[in-house]
Amino acid sequence: MYELEYKVVEKDLNYAGILDTLKCYGVWFSNVAKEESFARLSNDWIYTVKKWSNRGFSDKELGKAKAEVSLAPLSSQVRQPAYKKIGRNDPCPCGSGKKYKKCCGREN
């Protein structure tokens, strides 16, 4: 539990991250109802934890909206990569119209 609290405080971990951490330690829920109950309780807890990203304040103290938790099991959720890697021959994202390898991707 100390590790979970540390990760929520320092890394602004959400419910999915908490569940992944628990699964790394071999903690699984026997049914969906228990997982949904844990999701609601952990979401309430995350909302009141003082976080580094909030400069020592909780989301509740700052008046941020409470995050909605998807109660569908994570195994059924599709994870998307954080970003798409730019290929050498793709157009440059800076908008110059050149290929990435001839614009921002070249080594000086």
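This one's a predicted model, so the numbers in the text were calculated from it and none came from an experiment.
- Listed by chain and number, the residues in a side-chain contact (heavy atoms from CB on, under 4.5 Å) with Ser96 are Cys92, Cys94, Lys98, Cys103 (sequence neighbours excluded).
- The ring-ring contact (aromatic ring centres under 6.0 Å, His included) search around Phe29 returns Phe38, not counting sequence neighbours.
- Shown here are the side chain to side chain donor-acceptor pair (under 3.5 Å) partners of Asn31, two or more places apart in sequence or in another chain: there are none.
- Transitive grouping of hydrophobic side chains (ILVMFWY, heavy atoms separated by less than 4.5 Å) brings Trp45 and Val27 into a common cluster.
- A 4.5 Å side-chain heavy-atom check between Lys101 and Asn89 finds at least one atom pair inside the cut-off.
- Between the Tyr47 side chain and the Lys64 main chain, a donor and an acceptor come within less than 3.5 Å of each other.
- In this view, Lys34 and Ser30 satisfy the side chain to side chain donor-acceptor pair (under 3.5 Å) rule, not counting sequence neighbours.
- Membership of the apolar cluster around Phe57 extends to Leu62, as traced through chained side-chain contacts below 4.5 Å between ILVMFWY residues.
- Among residues two or more places apart in sequence or in another chain, the salt bridge (Lys or Arg N to Asp or Glu O under 4.0 Å) test is passed with Lys60 by none.
- A 4.5 Å side-chain heavy-atom check between Lys51 and Ile46 finds at least one atom pair inside the cut-off.
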